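Encoded as structure tokens, the structure appears first; notes follow it.
If you're wondering where the values come from, they're calculated on a predicted model, not measured in any experiment.
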Amino acid sequence: MGFLKSWIFMLKNIISSREMIWQLFKRDFISGYKQSLFGIFWLLISPLVGIISWVFMNSAGILSPGDVGVPYPVYVLLGSTFWGLFMSFYSSTANSLSSGSSLILQVNFSHEALVAQQIAQTVANFIINLLVLIIVLLIFGILPSWKAIFFPLTLIPIFFIGTGIGMVVSVISVVVHDINKMVSMGLGFLMFLTPVIYAPKLQNVILQGVIKWNPMTYLIGSARDIIIYGRIENQGSYFYSCLLAAIIFMFSWRLFFLSENKVAEKL
Amino acid sequence: MSNDTVVKVENLSKKFCRNLRRSMFYGSVDVIKSMLGMNIETNTLRKDEFWAVDNVSFELKRRKSIGLIGVNGSGKSTLLRLLNGIYQPDKGRIELRGRIGALISVGAGFHPLMTGRENIYLNGAILGMSKTEIDKKFDEIVDFAEIGEFLDAPVKTYSSGMYVRLGFAIAVQAEPDILLVDEVLAVGDANFQKKCFDRILDIRKNGTSIIFVSHSVSAVERLCTECILMKHGKQIFWGNTRECVQRYFHEINQDNLLRASGPQTFGIGDVVFSNVYVYQENGDRADPNIEFGKNIIIEFDYKFFMKESNKNQVRVTIRTFEGRDVQKFLFQESSFIDDVIYPNEKIIPLKREGNARIKIVNPKLFPQTFRLDVGVAPLDKDVHLGGIANAAFFNIIHPTSEKMYLEYGNMTVTEFDYEVLSI
């Protein structure tokens with residue numbers, strides 16, 4: 001099947017299994033919090049706890065993030081929220097085949113539905129995270145420029161690159177379980193090579209070079225900058241990064257299409 | 001594919017790997033190859049691989065049913081999963097016409113914390129039903145599952161029977177053109193099994209073609225006109241169900257007799273048994289094949305080499321080929337000791353030497369291979385005077401008339417009576 005056809009085919013599969021996606025989404029989203037004390041509030045609390053450690057290190061002088069132009073907690077919360085979105089796009093997609101393994105061996109359905117459901121899950125969690133963001137912005141009295149309404153668009157390339165890597169890993173991890181751990185570890189380290197908890201302008205020349213060539217710098221940075229400053233810096237690099245993310249996504253989608261059936265039975 | 005053919009399978013093969021590590025390795029090679037757009041070599045076996053389904057071809061017409069039978073590991077379930085699209089074939093092709101439904105496993109995707117109601121919608125959606133479709137069938141599902149007031153309780157509070165009933169009730173609502181059924185009927189209590197089976201008969205009546213995997217030969221016979229016998233992944237017979245079932249029993253018995261170890265004497269040798277035979281009443285003594293339902297004669301010679309004997313118990317034990325006791329026939333030599341332990345124990349004086357013939361009346365042993373042990377032990381001492389284990393093997397074979405066979409359902413009855421013809 002040709003490139004274009006395989007994408008259309010998968011899209012059709014997703015659309016025709018929307019009922020199943022919705023039901024699986026409901027199952028995992030609602031029942032996931034049924035047995036917990038704070039329920040959905042965990043989603044609000046966990047990002048706050050995350051930034052406290054960065055803020056603590058910053059105020060203790062261990063971490064010098066450079067001049068970020070806004071209060072550091074706001075900066076770090078925005079950056080880590082978008083980074084977290086990327087990671088969660090990645091990990092939910094990467095786990096989609098193995099977490100759906102019992103279904104795959106019992107029922108014949110389009111396995112793309114599992115990926116779609118995981119993505120929906122990630123998006124839903126992110127929307128709740130946004131509430132935290134808004135509250136923090138209000139507390140620090142930061143009013144984003146009107147251009148911030150375009151920020152959802154900046155999430156698309158983050159989605160592309162996260163699920164793109166995830167889909168490839170999900171197929172490989174069926175046969176080699178280590179790949180998932182390896183890539184997660186690598187991406188965890190990549191965060192420190194991306195201006196998430198510090199400002200993009202650094203003294204260290206080598207690190208500066210890495211940051212410059214790291215597409216995540218632009219993908220995460222632009223989503224944050226459009227909210228804080230109402231503009232996107234390095235528009236050329238941002239454009240190429242987006243292009244790269246889209247290409248990765250298209251290729252991995254195609255690879256997923258070609259391979260997942262051959263490996264699904266090995267779950 | 002001719003007009004009324006709904007399933008056509010041609011030279012279908014599927015290989016599996018025995019070794020998990022190697023299977024992972026082959027898997028990674030295949031993934032990398034397919035990602036690079038290279039062809040995966042599927043025709044040859046690599047080390048540790050074997051054909052789980054080997055070159056199977058058959059056709060199923062509209063409104064017909066095919067049974068798949070064979071011993072465990074013969075590839076029946078793999079074949080069903082290939083047909084369902086869960087596995088991809090390595091060789092050959094499958095053509096299907098119409099919507100396909102599967103009763104391969106029930107309750108797929110059930111979440112234990114969600115209520116029965118929620119799980120009906122969840123499972124229905126997984127099986128490809130739309131919400132309106134489920135809405136329409138909802139009452140029927142609840143009714144069939146007999147879960148009553150548990151409908152709004154989380155399914156983790158359900159008994160395993162309720163769980164399975166609910167799963168089955170949803171699965172049979174899908175109204176497919178082709179229905180694949182795998183042994184799911186073997187769960188739940190006898191009543192529910194019957195209900196499920198009746199439901200499947202109804203579905204067949206409505207024009208659905210069925211492919212049915214089961215170990216219950218009587219169920220296959222009721223449901224299917226045609227049958228495929230599988231052995232080591234190969235299809236060794238395809239045709240008329242009765243012929244196929246006979247072939248199946250023949251295969252099993254043949255296998256069992258080949259695997260059987262010979263007779264072994266045990267005990268101190270004070271009593272010696274010889275010439276042990278099991279055969280059909282009015283039949284040839286040397287023929288170990290006994291038709292289902294016919295009276296069985298057990299015959300043996302015995303000889304006491306001890307001076308005194310009046311406190312002994314003779315035990316004749318029928319076991320399945322695997323060794324499970326089916327029935328013991330016992331008789332005591334004299335009434336000297338009055339505690340009769342076994343309900344079917346009889347008190348019959350033995351001679352010093354003689355030929356014993358025992359008739360089992362109306363036995364309900366289901367077709368398979370059985371073996372017989374004979375032995376003598378004194379009631380007051382823990383010792384065997386003599387005996388032979390595996391003294392004789394016999395096969396219960398499929399009856400030529402089906403009627404009686406079907407009446408018994410699928411229950412092997414182990415309580416049956418015997419007469420001692422001579423001793």
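Side-chain contact between A/L24 and B/L122 is present, with at least one heavy-atom pair separated by less than 4.5 Å.
Within a 6.0 Å sphere centred on CZ of B/R93, other residues, nucleotides and ligands contribute 12 heavy atoms or fewer. The neighbour count for B/K91 NZ, taken as heavy atoms of other residues, nucleotides or ligands under 6.0 Å away, is above 12. The environment of CZ in B/R18 is crowded: more than 12 heavy-atom neighbours from other residues, nucleotides or ligands sit within 6.0 Å. Enclosure of atom CZ in B/F50 by more than 12 non-hydrogen atoms of other residues, nucleotides or ligands within 6.0 angstrom is indicated. Atom CZ of A/F251 is surrounded by 12 or fewer heavy atoms from other residues, nucleotides or ligands within 6.0 Å.
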Would you give me the side-chain donor-acceptor pairs under 3.5 Å for residues 169-176 of chain A, sequence neighbours excluded?
from: A/S170; atom 1: OG; to: A/M167; atom 2: O; distance (Å): 2.9
from: A/S173; atom 1: OG; to: A/V169; atom 2: O; distance (Å): 3.1
from: A/S173; atom 1: OG; to: A/S170; atom 2: O; distance (Å): 3.2

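What you find for B/G109 and A/Q106 is that their closest heavy atoms are N-OE1, 4.4 Å. The two residues A/E19 and B/K131 make their nearest non-hydrogen contact at OE2-CB, 3.7 Å. When all heavy atoms of B/A125 and A/Q23 are compared, the closest pair comes out as CB-CG, 3.5 Å.
Most heavy-atom pairs under 4.5 Å with chain A: of the set B/I86, B/I100, B/N119, this distinction falls to B/I86. Among the candidates B/Y87, B/F16, B/F25, the residue making the largest number of heavy-atom pairs closer than 4.5 Å to chain A is B/Y87.
Using a 4.5 Å cut-off between heavy atoms, B/A102 does not touch chain A at all.
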Take A/L105 and B/R81 through the test side-chain contact (heavy atoms from CB on, under 4.5 Å) and record every step on the way to the result. CA-CA 9 Å; A/L105 292 180; B/R81 283 170 186 230; 4.1 Å; yes
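The CG atom of A/N108 lies 11.0 Å from the CG atom of B/L127; values are rounded to the nearest 0.5 Å.
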